[in-house]
Amino acid sequence: MAAFTAWVEYIDTSTVLIFLVMLLCALWLLSSSDGPTNWPPGPKPWPVIGNADLFWNNDQLYLTFMELAKTYGDVVHLRVGPSGHIILLSGHEVIREAFVDKGEYFSNRPNTSHIPLMKYTNKGKGIIMQDGEDWKTLRRFTLRALRDFGLGKSSLEDKIKDELENVLDELDKKCGVPYCPQKLFYQPVSNIICSIIFGHRYSYDNKEFQHMLDAMMYRFEHSGPKLILGTILPAPLALLIPKVRKMLEVDREIRDFVRKRIDEHRDTFDGDNVRDFIDLYLKTEQSGEESGAFTDANMFEVIDDLFLAGTDTTSTTLLWGLLYLILYPEIQAKCRLEILQAIGQDRLPSMKDRDELPYMEAVILEIQRLGSIAPSAVPHVTSESITFRGYDLPKNTLVRANLYQSHMDPEIWEDPVAFNPDRWLDENNMLKTNPAFMPFSVGRRMCLGDSLAKMEMFLFIATLLQRFDFRMLDAGSPPSTEGIQGLTRSPRKYELIVSRV
Ligand code: HEM
């Protein structure tokens, strides 16, 4: 120890500087010598940090990605840190070629074990961040369970309608005064997932649930590009950043909430009376019939995945929906007229009404296109070295799909920034499809909650428009449609005036 202290005392500032310069040079050499020589084109990287400056504190990364596609083409190479590589894929044909035609090579998730902060959170278990046989088994099981616990059955529709009653009550209280709908959808959408997973919904005054929802909102809002440093720095350094510490704290709160529900289920489990998703998992785990995927660690992460992926995505889309409907009152009025003519006001809209409401369906598609809440999907990595469009991509190269660009490409969409549901209808008022539209992504990793999300969006928007009128506070200064990119892309806070129809 004495020798170490003496050595430390001997070091002066210039020694430290020389050491740092040598370290930077070594990292620079490392960064310029790795990987193939025919990476796709991309912006010139800085020494050591590469193109990390593009991500730094950038809450509009989707616009940066759009510009990169415009400048460098459909396949772009970015470097992050001394040895990280990102391939950005743009244009629906390129994305489909990778994720669908060559899905075998492009459907893994990044191994997060080298990201220091991830060891405190998801450890490559569950569905979203897992690969291989366990991922396949759990994804199949979850899709089946979602179907069994309601999709396609009226029971789930009834649950959604119950939640909607609460939303209608909430809106009734807000009539006539400026109202910010930021939190309007979070609780009901989360409750729908809760009723599938936990077999339980929470009342609007349940403090524990409210607290957990606030934590979830924070997590989605403050993750993504804003936390890039937290994922690059070694854990002890990253933990010096207050935002990173806060993120771990909120993550723990959400996990504690989920853990408590699992413990309650274990205490009351009865294999002959499967109440919900957790019971079904416990039963499968105990039967030992399925593969070794059904471990406790996987159960926790699968539930956490569904809970997080199933709440923010749909509620943020609905928030975009209200925003566009107040910005385009004539479209709101046309949609309401269709609903009132087809259903009236004596009963709530139901999934059976879908065929009668093509304009309403077109409105939802347009909300999803412009909202683009997952602007670059979830990161994929290559599972093998592969030559793609003439470029050699090594195994484990990170791949992002530029979904926002696909939804805003002027070559595909006429006047892409305009909210125009008519673009989705043909001359017979029938819905049209467009291959560039992929809000749930495509291929093996495509969202597994798309059916639930579509059901929620339809019932929520149809019911709200049937009962309420939404207006801008001041038509002279309309709210912004600029998105903020955290884990999802959400609208800036806005207020509106709501009144009964
Ligand atoms: C409007 C609502 C939603 C949108 C726009 C959306 C979008 C997406 C996207 C873009 C992905 C990434 C696909 C990829 O990596 O290529 C994804 C994955 C996923 N989503 Fe959704 N999602 C929504 C709602 C939901 C809901 C309600 C659930 C749960 C019930 C859910 C569960 C998941 C899961 C588990 C994955 C990971 C799939 C895997 O890795 O195999 N999502 N979603």
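Nothing here was measured: the structure is a model prediction, and the numbers come from that model. Atoms within a ligand are numbered from 1 in the order they appear, just like the ligands themselves. Residue indices begin at 1 and follow the sequence shown.
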Checklist line | For T314, the ligand 1 atoms whose distance to one of its heavy atoms is below 4.0 Å | finding: 2 (C), 27 (C)
Check: Looking at atom 33 (C) of ligand 1, what's its closest protein heavy atom, distance included?
Finding: A309 CB, 3.7 Å
Checklist line | For atom 8 (C) of ligand 1, the option (of S376, C447, G310) bearing the nearest heavy atom | finding: C447
Next item on the list: Evaluate the ring planes of F419 and Y324, with Trp represented by its six-membered ring, and classify them as parallel (under 30°), tilted (30 to 60°) or perpendicular (over 60°).
Entry: parallel
Margin query: Can you give me the closest heavy-atom contact between V363 and P421, atom names plus distance?
Written below: CG2-CG, 3.7 Å
Check: Counting each atom of ligand 1 from 1 as listed, which ones have a heavy atom of W135 under 4.0 Å away?
Finding: 39 (C), 41 (O)
Check: If you measure every N/O of S441 against every N/O of ligand 1, is any gap under 3.5 Å?
Finding: yes
Notebook entry, point to check: Closest heavy-atom contact between M455 and M351?
Noted result: CG-SD, 3.7 Å
Note to self: Using 30° and 60° as the class boundaries, would you call the ring planes of Y202 and F198 parallel, tilted or perpendicular?
What the structure shows: perpendicular
Checklist line | Protein contact of atom 34 (C) of ligand 1 - nearest heavy atom, named by residue and atom, plus distance | finding: L448 CG, 4.0 Å
Notebook entry, point to check: Just going by heavy-atom distances, which of I95, I128, L452 is nearest to atom 36 (C) of ligand 1?
Noted result: I128
Checklist line | Cation-aromatic face contact R259/F300, 6.0 Å, 45 degrees | finding: yes
Checklist line | Where P491 and T316 come nearest, the two heavy atoms and their spacing | finding: CD-CG2, 4.1 Å
Item checked: ligand 1 to R139 polar contact by distance, N or O atoms, under 3.5 Å -> yes
Check: Quick one: does NZ or CZ of R445 land under 6.0 Å from the six-membered ring centre of W135, within 45 degrees of the ring axis?
Finding: yes
Notebook entry, point to check: For H380, is at least one N or O under 3.5 Å away from an N or O on ligand 1?
Noted result: yes
Next item on the list: Please report which non-hydrogen protein atom sits nearest to atom 7 (C) of ligand 1, along with the residue it belongs to and the distance in Å to one decimal place.
Entry: P439 O, 3.6 Å
Next item on the list: For atom 15 (O) of ligand 1, state which one of M455, M129, R109 supplies the nearest heavy atom.
Entry: R109
Next item on the list: Quick one: look up the protein heavy atom nearest atom 1 (C) of ligand 1 and list residue, atom name and how far away it is.
Entry: T317 OG1, 3.5 Å
Checklist line | Nitrogen or oxygen atoms of R445 and ligand 1 under 3.5 Å apart | finding: yes
Checklist line | Parallel, tilted or perpendicular: rings of F257 and F307 (30°, 60°) | finding: parallel
